[in-house]
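Starting off with a structure, shown below.
Side-chain atoms are counted along with the backbone in the values below, which use heavy atoms only and exclude waters and symmetry mates.
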Amino acid sequence: MGSVTRKKIMSIMALGAMIGLLLLPILVSAPVLAGGGEAPTGAPPPDAAQAGGGEAEKKVEKGRDVYYKTEGIVVGAPAPKTTDSPKDYPRYNFESRVLLWFANQQHLYYGSFVLAVPIFCMIIEFMGVVSKDRAMGKKYDQLAYDFIKISLTAYSLTAILGGILIFTFLTLYPAFFGYLSSIFRPVMHIYALMFVAESGTLYIYYYGWDKMKEGFLKWIHLSMSVILNVIGTVLMFLANSWIGFMMSPAGVDEQGRYLGNIWHVIHTALWNPLNVHRILGNMAFGGGVVAAYAAYRFLSAKTDEERAHYDWMGYIAMAIGVAFLIPLPFAGYWLMREVYAYRQQMGITLMGGLLAWLFIIQATMIGILFLSSNYYLWQALGRMRGAEKYQKYIKYLVFILVCGFLIFITPHTMVMTPAELKAMGGQQHPVLGNYGVMSAKNGGINVIITTTVLSFIWYMRGNKVSTVSWAKFGNIFMGTFFFWAYVNIIWLAIYGYYIPANVRIGLSVPQVATTLSCLFFMTALNAVMMKGAKQTGPIEWGKISARSQYALIMLATAFTWMMGLMGYIRSSVRLFWHVNEIMRDNSPWAYTHTIGFAANMISFNVLFFWISILFVFWLGTLGVKKAPVEAKAPVPGRAPEPAIGH
């Protein structure tokens with residue numbers, strides 16, 4: 001009894017420590033934020049201003065915010081005007097931008113992974129706590145523990161890569177980094193303290209797992225995961241504010257002088273779209289990496305029990321990743337819409353100009369993601385008795401997916417040499433120019449997503465037969481709903497050719513609404529119909545083809561490649577600006593690389609990440625070998641399976 005009380009007290013103290021760590025950066029920084037930060041170099045000291053009295057007041061200079069159009073007192077130095085010299089751009093005998101590109105990308109990969117996995121743990125641990133089946137609850141708990149164990153080693157690598165990134169900035173781009181630091185000075189130390197808070201919280205959360213696995217203590221442990229994710233999300237939002245400022249600066253005047261309002265600097269035009277896009281992207285990426293880990297363990301498993309466990313783990317990770325992948329294109333459209341609204345020229349550069357062909361590559365990767373997800377679901381039908389009834393329809397889904405994929409990746413322009421461009425008479429090919437318009441592309445991707453929803457619904461009812469009295473009517477209604485959804489999406493894609501381009505863009509709204517209706521209404525309807533359904537056979541976890549596991553690895557690789565590509569696109573749209581229209585890049589590398597070079601560089605980053613993450617996976621394997629036998633014992637009498645549906 002005394003031991004339990006001590007555990008409760010210690011757990012509450014640990015939870016209090018986490019909350020304290022979370023609030024500490026805010027409390028410490030409150031005076032700084034209230035005062036708008038310290039006066040940067042070049043600004044008159046406060047005491048000197050007071051001594052000057054009325055004369056000093058006359059010297060107070062005001063500036064106009066470049067985005068918010070409000071006036072503020074200038075408290076910062078103007079953006080430095082750099083020159084192509086070793087003073088502003090120290091260099092090795094190598095392109096500095098490539099070094100920075102590599103350091104930044106690797107840090108982002110690991111940072112995204114360690115931010116996403118704790119969210120998975122929180123969801124899965126919660127499912128285990130509320131599960132009425134105690135055996136399944138323990139399974140979920142073990143799965144969440146496996147996830148956080150993987151991220152622990154990755155977290156150390158994230159910190160190391162973050163140090164390398166700062167070192168690279170300081171040594172190769174000191175003028176730019178100095179300016180950015182002066183603008184974000186009021187929140188720089190908050191970011192550092194948040195990082196310390198996240199580290200402390202993560203280690204308490206991980207090492208307290210066994211001590212707080214029952215009853216009241218388990219709920220405290222679950223609360224810790226919530227705090228851990230709050231800290232991680234705030235960290236990501238702060239990092240996004242730097243990217244948003246570089247693309248769409250605010251809180252400064254046209255000379256780049258800080259005007260004293262740190263919220264304006266953080267809350268730029270693109271900050272919120274970036275936050276939403278990166279949350280979804282991180283979750284999809286994290287799901288893909290964990291699914292690849294499960295696939296790796298499945299393929300190297302020696303026993304049926306291990307194969308069953310990692311088959312289930314891969315399925316859960318894939319399901320979470322795809323759940324966040326589906327809304328990701330819509331978040332991307334919102335981000336592009338805000339880019340157009342901020343600077344139309346940036347939007348044209350992205351979607352119709354210099355970088356347009358990179359979006360063709362991105363579309364190809366998105367198509368591969370959805371094709372891999374569908375292929376995995378079709379393979380997974382093989383481990384369910386009774387799912388054979390859907391096998392004969394798969395060829396029709398393949399046809400629909402391929403048609404949607406080809407339309408989605410069709411370019412509107414061609415990559416040509418100047419001679420070819422002159423011979424053709426312009427960028428628009430007389431035939432090809434009729435294809436690749438936005439409404440058609442929207443039609444292609446919405447057909448792909450709707451088909452993926454249909455595949456998932458078939459998988460959910462693979463070994464079940466609905467027993468509700470209105471099952472026949474429900475099936476007819478569901479089939480009719482999907483049929484008219486396809487008709488509406490395709491009709492709008494065709495109709496776009498008969499209306500002006502500025503009106504055509506608006507067709508994306510009803511197309512997306514149709515797809516989301518299928519996603520939410522039909523998934524909910526299917527869940528209601530399958531409640532209490534009759535099972536035609538158990539799910540035989542581990543009885544799945546090896547090809548399905550390679551599909552998971554393909555899924556993760558495509559996620560990684562696409563993340564690298566999107567990061568490059570976002571960075572390149574600034575062209576020759578460090579901070580758009582505020583601080584010019586005068587280094588020898590202020591130009592846009594060719595598509596081929598960018599693709600090679602992204603591929604190298606992907607290859608390096610996967611080699612290093614394999615090392616992390618290997619370390620996880622060592623940990624499993626040292627784990628007590630009891631921790632890996634299977635639930636007797638049944639194969640592991642999710643508590644709700646599948």
(message) Please find the pair of heavy atoms, one from Ile445 and one from Ile366, that lie closest to each other, and give the distance.
(response)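 Nearest heavy atoms, Ile445 then Ile366: CD1-CG2, 3.8 Å.
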
(request) Evaluate whether atom CE of Met346 has more than 12 neighbouring non-hydrogen atoms of other residues, nucleotides or ligands under 6.0 angstrom away. (result) yes

(message) Between Ser612 and Tyr110, do the side chains contain a donor N or O and an acceptor N or O under 3.5 Å apart?
(response)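 Present: a donor and an acceptor within the cut-off.
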
(request) Indicate, with yes or no, if the rings of Trp312 and Tyr140 have centres closer together than 6.0 Å. (result)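 So the answer is yes for these two rings.
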
(message) For a quick test of reading the model, state the closest non-hydrogen atom pair linking Phe405 to Ala363 and the distance between them.
(response) CE1-O, 4.3 Å

(message) Please find the pair of heavy atoms, one from Ala317 and one from Phe147, that lie closest to each other, and give the distance.
(response)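 Where Ala317 meets Phe147 most closely, the heavy atoms are CB-CZ, 4.4 Å.
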
(message) Using the rule given for side chain to side chain contact (heavy atoms under 4.5 Å, CB included), can you reason through Asn475 versus Lys472, listing the C-alpha separation, both sets of side-chain angles and the distance that settles it, and then say yes or no?
(response) CA-CA 5 Å; Asn475 287 333; Lys472 184 177 180 181; 5.7 Å; no

(message) Can you give me the closest heavy-atom contact between Ser241 and Ile266, atom names plus distance?
(response)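 Of all heavy-atom pairs spanning Ser241 and Ile266, the closest is CB-CG2, 3.7 Å.
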
(message) Any side-chain to backbone donor/acceptor pair from Ser466 onto Met529? Under 3.5 Å, distance only.
(response)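 Here the side-chain-to-backbone pair exists.
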
(message) Main chain of Val447, side chain of Thr450: is a donor-acceptor contact present, judged purely on distance under 3.5 Å?
(response) no

(message) Using the rule given for side chain to side chain contact (heavy atoms under 4.5 Å, CB included), can you reason through Leu299 versus Tyr310, listing the C-alpha separation, both sets of side-chain angles and the distance that settles it, and then say yes or no?
(response) CA-CA 9 Å; Leu299 294 171; Tyr310 289 110; over 6 Å; no

(message) Could you measure the distance from the CE atom of Met478 to the CG atom of Leu454? Nearest 0.5 Å is fine.
(response)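 Nearest 0.5 Å value for the CE-CG distance: 9.5 Å.
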
(request) Examine distances only and state if a side-chain atom of Glu388 and a backbone atom of Gly386 form a donor-acceptor pair shorter than 3.5 Å. (result)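 Yes.
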
(message) Is any side-chain heavy atom of Met601 closer than 4.5 Å to one of Asn605?
(response) yes

(request) Keeping the roles fixed (side chain from Asn282, backbone from Arg278), state whether a donor-acceptor pair exists under 3.5 Å. (result) yes

(message) Quick check against the 3.5 Å criterion: does Trp271 have a side-chain atom that pairs as donor or acceptor with the backbone of Phe237?
(response) yes

(message) Around atom OH of Tyr390, are there more than 12 heavy atoms from other residues, nucleotides or ligands closer than 6.0 Å?
(response) yes

(message) Within the structure provided, determine whether Leu507 and Ile499 are in side-chain contact (heavy-atom separation under 4.5 Å).
(response) yes

(message) Quick check against the 3.5 Å criterion: does Arg383 have a side-chain atom that pairs as donor or acceptor with the backbone of Ile544?
(response) no

(request) Check for a donor-acceptor pair, side chain of Ser572 on one end and backbone N or O of Tyr568 on the other, with a separation under 3.5 Å. (result) yes

(message) Is it true that, when you exclude Phe521 itself, more than 12 heavy atoms of the residues, nucleotides or ligands shown sit nearer than 6.0 Å to its CZ?
(response) no

Let me check something: any side-chain donor-acceptor pairs from residues 327-336 under 3.5 Å, sequence neighbours excluded? List them with distances.
unit_1, atom_1, unit_2, atom_2, d
Tyr333, OH, Asn442, OD1, 2.5
Trp334, NE1, Glu338, OE2, 3.4

(request) Examine distances only and state if a side-chain atom of Asn488 and a backbone atom of Trp484 form a donor-acceptor pair shorter than 3.5 Å. (result) no

(request) Could you pull out all residues at least two apart from Gln391 that satisfy side-chain contact (heavy atoms from CB on, under 4.5 Å)? (result)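 With sequence neighbours excluded, Gln391 shows a side-chain contact (heavy atoms from CB on, under 4.5 Å) to Leu381, Ile394, given in chain and number order.
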
(message) How about CZ on Phe126, more than 12 heavy atoms from neighbouring residues, nucleotides or ligands closer than 6.0 Å, or not?
(response) no

(request) Compare every heavy atom of Lys389 with every heavy atom of Lys392, then report the nearest pair and how far apart it is. (result)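 So the two residues come closest at CE-O, 3.7 Å.
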
(message) Let me confirm one number: the CZ-OG distance from Arg574 to Ser248, rounded to the nearest 0.5 Å.
(response) 11.0 Å

Could you list the donor-acceptor pairs under 3.5 angstrom formed between side-chain atoms of residues 229-236 and any protein atom two or more places apart in sequence or on another chain?
unit_1, atom_1, unit_2, atom_2, d
Asn229, OD1, Ile119, N, 3.1
Asn229, ND2, Pro118, O, 3.2
Asn229, ND2, Ser225, O, 2.8
Thr233, OG1, Asn229, O, 2.7

(message) Looking only at the aromatic ring of each residue, does the gap between the centers of Phe609 and Phe285 stay below 6.0 angstrom?
(response)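 Yes, the ring of Phe285 comes within the 6.0 Å limit of the ring of Phe609, centre to centre.
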
(message) Distance alone, cut at 3.5 Å: any donor-acceptor contact between the side chains of Thr536 and Asn463?
(response)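 No.
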
(request) Might you point out which heavy atoms bring Val465 and Ala533 nearest each other, and give the distance in Å? (result) O-CB, 3.4 Å

(message) I'd like to know if the side chain of Tyr376 and the backbone of Ala551 have a donor-acceptor N/O pair within less than 3.5 Å.
(response)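 Judged by distance alone, no pair lies under 3.5 Å.
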
(request) First locate atom CG of Leu492, then atom OG of Ser439, and finally report the distance between them rounded to the nearest 0.5 Å. (result)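 Taking CG in Leu492 and OG in Ser439, the distance rounds to 8.5 Å.
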
(request) Please confirm whether the backbone N or O of Thr410 pairs with a side-chain atom of Lys441, one donor and one acceptor, at under 3.5 Å? (result) yes

(message) Can you tell me which residue among Leu161, Thr158, Leu157 is in a side-chain contact (heavy atoms from CB on, under 4.5 Å) with Gln106?
(response) Leu161

(message) Ring centres under 6.0 Å, that's the criterion: do Phe617 and Tyr293 meet it?
(response)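 Yes: the rings meet the under 6.0 Å criterion.
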
(message) Between Tyr340 and Ile348, is the side chain to side chain contact (heavy atoms under 4.5 Å, CB included) condition met? List the steps.
(response) CA-CA 8 Å; Tyr340 267 101; Ile348 293 171; 4.2 Å; yes

(request) Hey, can you tell me if Tyr459 and Tyr315 have their rings parallel, tilted or perpendicular (30° and 60° cut-offs)? (result)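 Tyr459 and Tyr315: tilted rings.
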
(request) Mind running side chain to side chain contact (heavy atoms under 4.5 Å, CB included) on Asn374 and Val398 for me, showing each step along the way? (result) CA-CA 9 Å; Asn374 278 275; Val398 172; over 6 Å; no

(request) Side-chain contact test, heavy atoms from C-beta onward, threshold under 4.5 Å: evaluate it for Asp146 versus Lys149 and give yes or no. (result) yes

